[in-house]
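In what follows, every chain begins at residue 1, and chains take the letters A, B, ... in the order their sequences are listed.
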Number of protein chains: 2
Amino acid sequence: MRLLLIEDDIALGEGIHQALGREGYTVDWLQDGSSALHSLLSETFDLAVLDLGLPRMDGLEVLRRLRDSGSNLPVLILTARDATEDRIAGLDAGADDYLIKPFDLAELKARLRALLRRSAGRAHALIEHAGISLNPGTQQVSYQGEPVALTPKEYQLLHELLSPPGRVMTRDHLMQLLYGWNEEAESNTLEVHIHHLRKKFSSDLIRTVRGVGYLVEERR
Amino acid sequence: MRLLLIEDDIALGEGIHQALGREGYTVDWLQDGSSALHSLLSETFDLAVLDLGLPRMDGLEVLRRLRDSGSNLPVLILTARDATEDRIAGLDAGADDYLIKPFDLAELKARLRALLRRSAGRAHALIEHAGISLNPGTQQVSYQGEPVALTPKEYQLLHELLSPPGRVMTRDHLMQLLYGWNEEAESNTLEVHIHHLRKKFSSDLIRTVRGVGYLVEERR
DNA sequence: CGCCACCTTCAGACTTCGTTAAGAATTGCC
DNA sequence: GGCAATTCTTAACGAAGTCTGAAGGTGGCG
């Protein structure tokens, strides 16, 4: 799950960033509205957490433009306690949920989970492919009826490769999924994870497309 | 993918040049605005990375003249942290994205990818010709329904020859596509790659135009 | 008929990817 | 708050794939 956090308060941002990172999300953090909008329009995220009071471009403006561009990305907004109008305006502008500062990190996590569940609900259901069954709700995976234990990174990779299968996922795309732009690991971690997946399933499940990336064949 | 980097700071330029080279781009690097503009107008690139503070001709000026000439080449500009006006002026002058120094190389890579994706998006779609179907998104190619494995260079060549077919691509043009002007291969590599393509498809797919270059016939 | 451009082939250099294993980092548990 | 277990990263090396440069062959064109 890749998530964009837009928050200009350094202390708060740091806190959220860490907390969500520990939850297993890949979190990218920006501190102004204009670059946030840029990223939202050009990269792929699963969710955005958006503070409304931002320099350079107001959060509301970001949200409005995002929706104008046709995106239905789940967005949770953060507002100050007394800014009731902002909240309403936020929902009007297309936010999916809001939270009033100061808030409890646990509540933020809960709401994100709920949001993701809801948005996944649009296209939920088990993913079944090549003997693998993957349950996005519980993150449980089985192979030919037997449960398989996957680590978080393995799960993320497999999930990405299987939804939908048949498409080549570039190395870049996968690296970004796992690491955002924090620090791209300058080693071969991707290959190592792929290797582990192949070992846990079948060695020909994931095909290498040399110089490009990996794919799971559509029909097998 | 051929890319022009215009950056006068040697250390930074070196860093970017290497990093992008390692990403598989063909990178040409110039250090002043006037030669940059010249190259941009006379050669073909897929993208330009343009520092705004340059000797001999300001980056903004380069950008403006480039746009005046009718080019819609994707351009990413680099600006100093506090030069807000420059940034705005840059976007006004037709930049597609910007990055504030100092920046993270990973983020630069991500933004370039996004830009290229966006610009490719303008004319995406499968390319179908003479039984060949080529998917620019995934770099997958098939011939008469069967997938064909192409190496990166083969793919680049085929893609160039097919978009659109019917035009003679000069040897010079193709060589530049593959190698930029860094190190022109002093051998017959082009012929070798063409040979491989003919072997993987049909030997009369690519016609030789003696003394000029190669072409794929328009209708077959 | 001879020159020149291009074709074909191939071996060695070079890159990229797979595989391991060990140590670092993180997490969970008491 | 410290220990144990899991997970992730790094690095080294080997395997496989790709590119290059060179040599010799073929065919068009004057």
Regarding [X] and [Y], is there a side-chain donor-to-acceptor distance under 3.5 Å anywhere?
X: A:Asp172; Y: A:Thr170; result: no
X: A:Thr208; Y: A:Arg171; result: no
X: B:Glu43; Y: B:Gln176; result: yes
X: B:Glu160; Y: B:His173; result: yes
X: B:Tyr179; Y: B:Thr189; result: yes

Grab the [atom1]-[atom2] distance between [X] and [N] for me, whole Å please.
X: B:His193; N: D:dG17; atom1: NE2; atom2: P; result: 18 Å
X: A:Lys153; N: C:dA25; atom1: NZ; atom2: P; result: 15 Å
X: A:Leu157; N: D:dT7; atom1: CG; atom2: P; result: 15 Å
X: B:Arg207; N: D:dG28; atom1: CZ; atom2: C1'; result: 14 Å
X: B:Tyr155; N: D:dT18; atom1: OH; atom2: P; result: 15 Å
X: A:Leu197; N: D:dT7; atom1: CG; atom2: P; result: 13 Å
X: A:Leu190; N: C:dC17; atom1: CG; atom2: C1'; result: 11 Å
X: A:Leu174; N: D:dC8; atom1: CG; atom2: C1'; result: 17 Å

With the threshold set at 4.0 Å, does a side-chain nitrogen-carboxylate oxygen contact exist between A:Lys101 and A:Glu7? yes
Distances for protein N or O near nucleotides 5-10 of chain C N or O, under 3.5 Å:
{"unit_1": "C:dA5", "atom_1": "O4'", "unit_2": "B:Arg210", "atom_2": "NH2", "d": "3.3"}
{"unit_1": "C:dC6", "atom_1": "OP1", "unit_2": "B:Gly211", "atom_2": "N", "d": "2.7"}
{"unit_1": "C:dC6", "atom_1": "OP2", "unit_2": "B:Arg171", "atom_2": "NH1", "d": "3.3"}
{"unit_1": "C:dC7", "atom_1": "OP1", "unit_2": "B:Arg198", "atom_2": "NH1", "d": "2.6"}
{"unit_1": "C:dC7", "atom_1": "OP1", "unit_2": "B:Arg198", "atom_2": "NH2", "d": "3.2"}
{"unit_1": "C:dC7", "atom_1": "OP1", "unit_2": "B:Thr208", "atom_2": "OG1", "d": "2.5"}
{"unit_1": "C:dC7", "atom_1": "OP2", "unit_2": "B:Tyr214", "atom_2": "OH", "d": "2.7"}
{"unit_1": "C:dT8", "atom_1": "OP2", "unit_2": "B:His195", "atom_2": "ND1", "d": "2.8"}
{"unit_1": "C:dT8", "atom_1": "O4", "unit_2": "B:Asn188", "atom_2": "ND2", "d": "2.8"}

Note the angle between the end axes of the helix from C:dC1-D:dG30 to C:dC30-D:dG1, five pairs defining each, rounded to 10 degrees. 40°
Sorted by chain and residue number, the salt bridge (charged side-chain N to carboxylate O under 4.0 Å, His left out) partners of B:Lys200 (sequence neighbours excluded) come out as B:Glu154
Could you tell me whether a side-chain N or O of A:His17 sits under 3.5 Å from a main-chain N or O of A:Val27, the two making a donor and an acceptor? yes
Got a donor-acceptor contact below 3.5 angstrom from the A:Arg167 side chain to the A:Leu215 backbone? no
If only side-chain N and O atoms of B:Thr151 are considered, is one of them under 4.0 Å from the OP1 or OP2 phosphate oxygen of D:dC19? yes
